[in-house]
Amino acid sequence: TKLTQLLNIDFPMIMAPMFLVSNEDMVTAAMRSGIAGTFPSLNYRNPGEIDQVLDKLNQEKSKVSNGTYGINLIVQKTNPLYEKHLKVCVEKKVPFYITSLGSPREVIQQAHTYGAKVFCDVTNIEHARKCFDLGCDGFIAVGQGAGGHAGPNSLQILIPALQQAFPNTPVIAAGGIGNGSGILSMLTLGAAGVSVGTRFIASTESPVSEAYKNAIVKSKMEDIVMTEKISGTPCTIINTPFAKKIGYKQNWLERALSN
């Protein structure tokens, strides 16, 4: 697909960046398996930490023929480490980027100076148009059911709409994809690949607790809810007793502080 060609990977899959979950071991395993592994830059916040991780990943990438890695950058002004992390990523020549929650202009400009690709999270045509006009290399179509920040539209609507509006730009489907039939359905819709996150939380390399991994495996459709309470942006979570206690909607003060 366009995604495998762009990133030189065997399978049209990105292991999605997951806050406080994705780590070096997971990304390394992804590369060795012929897919693209990613992690949020904010998973490494101590001085010099992300530099060391990128050095190790670059070394690992040099050993594999068809696998790669990328970095997810929160480009919103609320990320205090954005400029510092972008500078390090450019210095280390990160192969590709996923941008979220803001304008990708600077990332696209700097990444393209050395041939790196930039995919932008989008939830609608308006967002996609802005990213397209800035020269992005593809879209991460974030639909309903995404395990992180979820979009309002189903992928069955969003992917064809993006394909029609931007026929030459690869679309990667994200949200609720966790098995082969899910992947096939997205490719049938016209996606160039998929972004899968939640399933990898239960992997051997994942740093989370066994209780969390078991919850991921055992939870059913009815156990998942959408909440605004975590970050102000709608996201899907397991409906734990804590989630029930704090509720799912922000009050007026929380909304004001999130803006």
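Because the structure is predicted, anything quoted here is derived from the model rather than measured.
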Measure the shortest side-chain to side-chain distance between [X] and [Y] over non-hydrogen atoms and say whether it is less than 4.5 angstrom.
X	Y	answer
V90	K87	no
D137	P170	no
D51	V88	yes
I35	D10	no
F139	D121	no
Q52	D55	no
T1	F11	no
T236	V225	no

Problem - Partners meeting salt bridge (Lys or Arg N to Asp or Glu O under 4.0 Å) with R45 (sequence neighbours left out) - result: none
Exercise for the section: With sequence neighbours left out, write down each residue that passes salt bridge (Lys or Arg N to Asp or Glu O under 4.0 Å) with E24, or none if nothing qualifies. Expected result: none
Check: residues 206-214 side-chain donor-acceptor pairs under 3.5 Å, at least two apart:
| from | atom 1 | to | atom 2 | distance (Å) |
| --- | --- | --- | --- | --- |
| S206 | OG | I201 | O | 2.9 |
| S209 | OG | Y212 | N | 3.2 |
| K213 | NZ | S203 | O | 3.0 |
| K213 | NZ | S206 | O | 3.2 |
| N214 | ND2 | E210 | O | 3.2 |

Going hydrophobic residue to hydrophobic residue with side-chain gaps under 4.5 angstrom, can you get from [X] over to [Y]?
X	Y	answer
L54	I74	no
F19	V53	no
F200	I238	yes

Problem - Fellow cluster residues of V142, listed by chain then number, with links counted only when side-chain atoms sit under 4.5 Å apart - result: L3, L6, L7, I9, I14, F96, I98, F119, I140, I172
Looking at [atom1] of [X] and [atom2] of [Y], how far apart are the two atoms once the value is rounded to the nearest 0.5 Å?
X	Y	atom1	atom2	value
K244	N239	NZ	CG	5.0 Å
L158	I125	CG	CD1	6.5 Å
I237	M226	CD1	CE	10.5 Å

Exercise for the section: Starting from the C-alpha separation in whole Å, work towards a yes-or-no answer on side-chain hydrogen bond (donor to acceptor under 3.5 Å, both in side chains) for N8 and N66. Expected result: CA-CA 6 Å; N8 190 32; N66 294 89; 3.2 Å; yes
Donor-acceptor contacts, no H, no angles, side chain residues 175-198, under 3.5 Å, sequence neighbours left out:
| from | atom 1 | to | atom 2 | distance (Å) |
| --- | --- | --- | --- | --- |
| N179 | OD1 | S181 | N | 3.4 |
| N179 | OD1 | S181 | OG | 3.0 |
| N179 | OD1 | G182 | N | 2.9 |
| S185 | OG | G182 | O | 2.7 |
| T188 | OG1 | L184 | O | 2.8 |

Practice task
Give a yes or no on whether E49 atom CD has more than 12 heavy-atom contacts from other residues, nucleotides or ligands under 6.0 Å away.
Solution key: yes
Exercise for the section: Check the surroundings of atom CD in Q59: do more than 12 heavy atoms from other residues, nucleotides or ligands lie under 6.0 Å from it? Expected result: no
Exercise for the section: Only counting residues at least two apart or in another chain, list the ones meeting ring-ring contact (aromatic ring centres under 6.0 Å, His included) with F39. Expected result: Y44
